[in-house]
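Okay, structure first, notes after.
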Number of protein chains: 2
Amino acid sequence: MCTFISYKKQSLILKKVITLKHIARELEVSISTVSKALKNSEEISRDTKERIQAYAKLYNYRPNNIAISLKNKRTKNIGVIIPDIVHHFFTTVVRGIESYANSKGYNVIVCLSDESFDKEVINMEMLANGSIDGFIMSLSVGTQLKNDYNHLKEITEQGIPLVMFDRVTDEIKCDKVIINDREGAYMAVKKLIGNGRKKIALITTDNYLSIGKQRTDGYRDALRDHGLEVNENLILSMPQMKMDEKAISDFYDREEVDAVLCVHETFAMYSMRVALKKGLKVPEDIEFIGFTDGNLSKYAYPSLTAIAQHGEQMGEMSSKMLIEKIESEKEEEEETYVTEVLQSTLVERESTKN
Amino acid sequence: MCTFISYKKQSLILKKVITLKHIARELEVSISTVSKALKNSEEISRDTKERIQAYAKLYNYRPNNIAISLKNKRTKNIGVIIPDIVHHFFTTVVRGIESYANSKGYNVIVCLSDESFDKEVINMEMLANGSIDGFIMSLSVGTQLKNDYNHLKEITEQGIPLVMFDRVTDEIKCDKVIINDREGAYMAVKKLIGNGRKKIALITTDNYLSIGKQRTDGYRDALRDHGLEVNENLILSMPQMKMDEKAISDFYDREEVDAVLCVHETFAMYSMRVALKKGLKVPEDIEFIGFTDGNLSKYAYPSLTAIAQHGEQMGEMSSKMLIEKIESEKEEEEETYVTEVLQSTLVERESTKN
DNA sequence: TTGTACGCGTTATCAT
DNA sequence: ATGATAACGCGTACAA
């Protein structure tokens, strides 16, 4: 790493930020007159309004967001807590959240829990003290493992609106947006069966907690519903995100497999790679379907048939639900919580036959 | 999309958010006494301090961030404006920014310009009115095309610290963090030449503006420095991000090519796919190197040799520079601006020979 | 038509 | 040791 330091002199003509007070002093009127004039209030004479507005425009007056937030007890910020951001799915969700929020005049404060319980708690507490009007979040692995949701309870008890998406928990009563994962897996397996596959493997990980379970259920159900026996040996559970080509290679050697469903596209890439290396033809000899319809699935060769999770839609939905809660003001004694279940869809590509 | 609505009754025992005023009233002391007591001030008697602190703890008192921001004229928020978030590189940068900022007690407000000039301007103006202490940003394509940087000028004139990364402009005097793109391309081509390649193509796009030019320069320089002639026919410029297999296929048919440098990993994936389809062997018959060391490069088969841009490091650096500026307070008449140039590195994988 | 006063929650300065 | 007051910037109910 090398550094070029360039010393540049700047005359720093700081266009000082103007406040109502400055304008009032300068124009020799009161602050409230200025305030009203800038709001085009009927109370103020055309004449003074024009003077004030002209001056404000000239000096590029903009109301201070912080002062307004303090006054209104509304920040127009929403806090988003996600486990990771270098992650296609979460990224699409954030895009959806941001786009809707933005259209409603809200900003998005993103904090990363880094899959850690502690960071999740710290970040949420940091934001909960007035910085945001509501939260949208997806549980970190750490939190799911610890099974401790007190920080979320506190948030809701404080009356701060909360929407959970994807990685949710029944422990917390709040709005939720999830995807029908079981159904997704079911569809995928059904597709494989339809293509004449009989020895369908599932490559999963113990890490995907709530999510992983549903996908496995869908896999099992689909097999059973189509008269195929569930062979536990065909379920390979890999520890963590650490993919291990050797383990997959051994798996293929050990079991006869003609199709593979993977709980994530990276898994699919790995297992397809191993198959290709063994000289198998995709999709002729073996077919692949992966969860998460990300760039990998799209650009891979052969491209991967995938179960799309519609992250952007999920984000928009979460954002919409949150903002409606925020703006509904109804401090009713009885709250209504909704769980939206989005349907996953199968995006067919080259790794499966048509 | 189907919806399960669950009506759940909640007794909404809203743990009301407590302020200094409440504590003061309840404990029959003044607000300032409470404030001091909670700061463990020496002025306050041990006795009252203990009472107050106990009460505050019991009711989980937390100072209101907004009020503090208003008072201090410091929000402890930094605004990050990026063109897109469903994008591996920007995502890694955000992670770097967030991680450093967080360690310094700052939150990150992320806004997406969506490659649009207008959105970039709107978002920045929105945040500039007191919501943030400084900006970190990368120019949208729209802004680069329009070549209009007045919004950035205004920001700096207002004395708001600004750090630009990756997609920067000379028009604005501020701290910058960029990567040595020319050098990256140079290294890549040198590597290919070292492997005995002589017909090295460049697949680029006119969209990559400032960045694209440097990469092309590096490509040209490397060829020339190693006694190879630059054949303009070997430079394929594709419009936009719209990849077109046909165009690449025709390109291969038209020109003899034994290695390809691509300005983005998606381009590399496409061009490699076309080559594989034509029955070429990678890396025996043709080698590939792509910019952006993302998931595609890593998980592809064959995996792609890539020029890593070290986004996370870039983010950390930007974050560090910005926070130092924010906290340095020095409103000197003469500002010093630094441009950090990070070195890209070549990550060798299967798409090139060793 | 314009201005005064107060409040949002906090902190710092200056009395008492 | 404790409290009153002002200030941050804004908006508004109420006076004048």
Side-chain angles (χ1 to χ4, degrees), chain A residues 16-53 55-56 59-77 126-133 158-160, chain B residues 16-53 55-56 59-77 126-133 158-160:
Chain A
K16 86 175 148 198
V17 179
I18 226 73
T19 68
L20 291 183
K21 199 202 277 190
H22 293 126
I23 303 183
R25 196 189 303 142
E26 214 60 32
L27 265 47
E28 298 182 303
V29 290
S30 78
I31 294 179
S32 52
T33 303
V34 179
S35 174
K36 287 170 188 165
L38 293 179
K39 289 201 129 52
N40 235 323
S41 160
E42 293 304 320
E43 297 181 35
I44 309 296
S45 73
R46 261 251 313 258
D47 207 48
T48 35
K49 270 203 285 196
E50 280 174 6
R51 271 174 64 221
I52 292 175
Q53 288 172 359
Y55 190 95
Y59 287 94
N60 197 31
Y61 168 79
R62 300 265 178 255
N64 180 305
N65 291 333
I66 299 293
I68 292 177
S69 294
L70 183 59
K71 178 125 253 281
N72 298 346
K73 300 187 160 211
R74 276 289 178 78
T75 62
K76 284 274 188 174
N77 287 156
M126 206 160 168
L127 295 181
N129 303 318
S131 298
I132 48 85
D133 296 337
Q158 279 180 31
I160 301 179
Chain B
K16 86 175 150 196
V17 178
I18 226 73
T19 69
L20 291 183
K21 198 201 278 190
H22 294 125
I23 304 182
R25 195 189 305 142
E26 213 61 33
L27 266 47
E28 298 181 303
V29 290
S30 78
I31 293 180
S32 39
T33 302
V34 178
S35 176
K36 287 171 187 164
L38 292 179
K39 290 201 128 55
N40 234 322
S41 160
E42 293 304 320
E43 297 180 38
I44 309 297
S45 73
R46 261 253 310 261
D47 208 48
T48 36
K49 270 202 285 197
E50 281 173 6
R51 272 174 62 224
I52 293 174
Q53 288 172 359
Y55 190 95
Y59 287 93
N60 195 33
Y61 168 78
R62 299 267 179 255
N64 180 305
N65 292 333
I66 299 292
I68 292 178
S69 294
L70 182 59
K71 181 119 247 286
N72 298 345
K73 299 187 160 210
R74 278 289 179 77
T75 62
K76 284 276 188 175
N77 287 155
M126 206 159 167
L127 295 181
N129 304 317
S131 298
I132 50 84
D133 296 337
Q158 280 180 31
I160 300 179

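Chain letters run A, B, ... following the sequence lines, proteins first and then strands; every chain starts at 1.
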| field | Trace of the side chain to side chain contact (heavy atoms under 4.5 Å, CB included) decision for Asn60(A) with Gln158(B) | value | CA-CA 11 Å; Asn60(A) 197 31; Gln158(B) 280 180 31; 4.3 Å; yes
Whether [X] side chain and [Y] backbone form a donor-acceptor pair below 3.5 Å:
X	Y	value
Lys49(B)	Ser41(B)	yes
Ser35(A)	Ile31(A)	no
Asn65(B)	Leu127(A)	no

| Under-3.5 Å donor-acceptor pair between Ser32(B) side chain and dA4(D) base | yes
[X] [atom1] to [N] [atom2]: how many Å, rounded?
X	N	atom1	atom2	value
Ile66(A)	dG7(C)	CD1	P	22 Å
Arg51(A)	dT1(C)	CZ	P	15 Å
Lys39(B)	dA1(D)	NZ	P	19 Å
Asn65(B)	dT10(C)	CG	C1'	11 Å
Leu38(A)	dT12(D)	CG	C1'	15 Å
Glu42(A)	dT12(D)	CD	P	15 Å
Arg25(B)	dG9(C)	CZ	P	10 Å

| query | Is Ser35(A) near enough to dG11(D) that one of its side-chain N or O atoms lies under 4.0 angstrom from OP1 or OP2? | reply | yes
| said: Taking only side-chain N and O atoms of Thr33(A), does any of them lie within less than 4.0 angstrom of OP1 or OP2 on dG3(C)? | reply: yes
| said: For the helix from dT1(C)-dA16(D) to dT16(C)-dA1(D), what angle separates the axis at the start from the axis at the finish, each from five pairs, in steps of 10°? | reply: 60°
Can you tell me how far apart [atom1] ([X]) and [atom2] ([Y]) are? Round to the nearest 0.5 Å.
X	Y	atom1	atom2	answer
Ile132(A)	Asn77(A)	CD1	CG	8.5 Å
His22(A)	Tyr59(A)	NE2	OH	11.5 Å
Ile52(B)	Ser45(B)	CD1	OG	8.0 Å
Ile23(A)	Glu28(A)	CD1	CD	14.5 Å
Arg51(A)	Thr33(A)	CZ	OG1	10.0 Å

| query | Between Asn72(A), Leu70(A), Ile66(A), which is the residue that forms a side-chain contact (heavy atoms from CB on, under 4.5 Å) with Ile68(A)? | reply | Asn72(A)
| message | When you compare the side chain of Val17(B) with that of Asn64(B), does any pair of heavy atoms fall below 4.5 Å? | response | no
Can you check nucleotides 6-9 of chain D for protein contacts, nitrogen or oxygen pairs under 3.5 Å, and list what you find?
unit_1: dC8(D); atom_1: OP1; unit_2: Lys21(A); atom_2: NZ; d: 3.2
unit_1: dC8(D); atom_1: OP2; unit_2: Lys21(A); atom_2: NZ; d: 2.6
unit_1: dG9(D); atom_1: OP1; unit_2: Lys73(B); atom_2: NZ; d: 2.5

Determine the contact category for [X]: base if any of its heavy atoms lies under 4.0 Å from a base atom, sugar-phosphate if only primed atoms, P, OP1 or OP2 are that close, otherwise nothing.
X	answer
Thr48(A)	sugar-phosphate
Ile31(B)	base
Ser45(B)	sugar-phosphate

| task | Show the numbers, then the answer: is there a side chain to side chain contact (heavy atoms under 4.5 Å, CB included) between Leu27(B) and Thr48(B)? | result | CA-CA 9 Å; Leu27(B) 266 47; Thr48(B) 36; over 6 Å; no
Between the protein and nucleotides 14-16 of chain D, list every N/O to N/O distance that falls short of 3.5 Å.
none

